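Structure, as structure tokens:
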Amino acid sequence: MSSILSVLLVAAGLFYTNDQNRKQQELAERGQVTDRFTKAIDQLGSDKLDVRLGGIYAMERLMRDSPRDQRNIVEVLSAYIREHAGKPKFRKGASPDDRPEWASEGTPATDVQGALTVLGRRSADDGNQEIDLRFTNLAGADLRHANLSNVKLFLTDLRSARLEGANLTGADIYDSNLAHASLEGANLTDVNLEATEVPYTAFRGANLTNVRISAVDLRDAMGLTPEQMRCVLIDDRTRLPPQLGLSPSPFTGTGNRACPGR
């Protein structure tokens with residue numbers, strides 16, 4: 001009996017020791033993550049481009065090594081983009097409630113594009129997190145195949161942006177400018193495009209299920225088909241491409257109730 005009790009005591013001691021070792025290891029790992037995060041934040045504030053880029057890609061490595069910190073990292077990179085991308089300029093004397101005057105297109109700065117690329121490569125498992133990029137100048141941005149589900153892009157300059165194959169599910173792109181942008185093959189399910197400018201925007205092969213396009217002029221949009229338009233949500237302010245031969249009335253209000261989510 002005493003021998004059995006001795007064995008149990010030894011086993012309990014080993015279990016306690018291993019448990020303490022695991023806790024110590026976890027604390028050490030969390031400390032390393034915190035140190036890496038702090039260093040990356042410091043790099044983002046540098047006046048040297050290569051140092052800022054190093055901080056951006058250090059954040060990406062942290063997202064992969066520590067998924068529990070992904071949300072915080074996404075918020076930091078989103079704030080970095082909002083701060084450094086610039087904002088659409090307003091007409092002289094215009095109030096903040098007026099539409100922006102879309103300035104020259106150009107392309108994002110190298111560090112801004114780097115942060116956009118990292119955000120677009122984030123894990124699909126965290127697709128419900130909102131990315132706040134509203135009221136920024138992202139004209140000419142390369143966002144091909146990016147994971148941008150639930151992104152906030154209203155009042156955003158996206159002219160000539162490359163969004164082919166991007167996942168924009170649930171995105172809010174209200175009152176923005178997508179002129180000459182490419183959305184070919186993009187997933188726009190449940191996207192809000194209300195009052196957005198889309199002249200010469202390419203929609204070929206895009207999934208437009210439940211897209212809200214109230215007050216949008218689609219007459220110069222490219223690549224649209226009647227099948228794509230079957231599940232959109234429009235109103236009498238929407239202008240449809242005449243070549244599609246569609247009447248606004250069947251698509252007004254709640255649209256086709258046979259569509260997903262209706």
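No experiment lies behind these values; they were computed from the predicted model shown. Positions are given from 1 along the sequence.
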Heavy atoms only: give me the nearest [X]-[Y] pair and the separation to one decimal.
X	Y	value
Ala40	Met59	CB-CE, 3.9 Å
Ala141	Leu116	CB-CD1, 4.0 Å
Gly55	Leu44	C-CD2, 4.0 Å
Asn192	Arg212	CB-NH2, 3.1 Å
Ala215	Asp235	N-OD1, 3.4 Å
Arg237	Ser214	NH2-OG, 2.7 Å

Next on the checklist: Evaluate Leu77 against Val118 for side chain to side chain contact (heavy atoms under 4.5 Å, CB included), listing each step before the verdict.
Outcome noted: CA-CA 9 Å; Leu77 291 178; Val118 169; 3.6 Å; yes
Would you say that [X] contacts [Y] through its side chain, given a criterion of any heavy-atom pair below 4.5 Å between the two side chains?
X	Y	answer
Leu153	Tyr174	no
Glu194	Asp175	no
Ile131	Glu75	no
Asn187	Thr209	no
Leu183	Leu178	yes
Gln70	Leu62	no
Asn137	Arg159	no
Arg122	Ser149	yes

Given the rule that I, L, V, M, F, W and Y join up when any side-chain heavy atoms are under 4.5 Å apart, are [X] and [Y] in one cluster?
X	Y	result
Val76	Leu53	yes
Val191	Phe154	no
Leu143	Tyr200	no
Leu218	Met222	no
Ile56	Val51	no

About how many Å separate [atom2] of [Y] and [atom1] of [X], when rounded to the nearest 0.5 Å?
X	Y	atom1	atom2	value
Arg219	Gln243	CZ	CD	11.0 Å
Cys231	Asp190	SG	CG	11.0 Å
Ile173	Leu158	CD1	CG	6.5 Å
Asp217	Glu197	CG	CD	9.5 Å
Thr38	Gln43	OG1	CD	11.5 Å
Arg82	Leu138	CZ	CG	11.5 Å

I'd like to know if the side chain of [X] and the backbone of [Y] have a donor-acceptor N/O pair within less than 3.5 Å.
X	Y	answer
Asp35	Phe37	no
Thr238	Ile234	no
Ser66	Met63	no

Checklist entry - Would Glu130 and Arg71 satisfy salt bridge (Lys or Arg N to Asp or Glu O under 4.0 Å), going step by step from the backbone distance to the final call? => result CA-CA 9 Å; Glu130 291 182 345; Arg71 285 180 172 268; over 6 Å; no
Item to check | Arg204 vs Glu184, salt bridge (Lys or Arg N to Asp or Glu O under 4.0 Å): CA-CA, chis, key distance, verdict | outcome: CA-CA 5 Å; Arg204 189 173 294 104; Glu184 294 189 4; 2.7 Å; yes
Checklist entry - Would Asp172 and Lys152 pass as an ion pair if we require N to O under 4.0 Å? => result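 Salt bridge flag = no for Lys152 with Asp172.
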Item to check | Presence of salt bridge, Arg52 and Asp47, under 4.0 angstrom | outcome: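 Salt bridge absent between Asp47 and Arg52.
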Next on the checklist: Test side chain to side chain contact (heavy atoms under 4.5 Å, CB included) on Phe203 and Thr225; report intermediate values, then the result.
Outcome noted: CA-CA 9 Å; Phe203 287 95; Thr225 66; over 6 Å; no
Checklist entry - Going through the checks in order, is the side chain to side chain contact (heavy atoms under 4.5 Å, CB included) test met by Leu233 and Val211? => result CA-CA 6 Å; Leu233 303 174; Val211 170; over 6 Å; no
Item to check | Residues Thr189 and Asn207: side-chain donor-acceptor under 3.5 angstrom | outcome: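 A pair is found: one side chain offers a donor N or O, the other an acceptor, under 3.5 Å apart.
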Checklist entry - Any side-chain donor-acceptor pair under 3.5 Å between Arg134 and Thr156? => result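 Not at all, the side chains of Arg134 and Thr156 share no donor-acceptor pair under 3.5 Å.
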Item to check | Arg121 atom CZ: more than 12 heavy-atom contacts under 6.0 Å | outcome: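 Atom CZ in Arg121 is crowded, with more than 12 foreign heavy atoms closer than 6.0 Å.
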Item to check | Test salt bridge (Lys or Arg N to Asp or Glu O under 4.0 Å) applied to Asp50 and Lys48, step by step | outcome: CA-CA 6 Å; Asp50 57 341; Lys48 296 180 179 179; over 6 Å; no
Item to check | Asp157/Ser176 under side chain to side chain contact (heavy atoms under 4.5 Å, CB included): CA gap, chis, key distance, verdict | outcome: CA-CA 6 Å; Asp157 190 347; Ser176 296; over 6 Å; no
Checklist entry - Looking at residues at least two apart in the chain, or sitting in another chain, which of them share a salt bridge (Lys or Arg N to Asp or Glu O under 4.0 Å) with Arg239? => result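 Counting only residues at least two positions away or on another chain, Arg239 forms no salt bridge (Lys or Arg N to Asp or Glu O under 4.0 Å).
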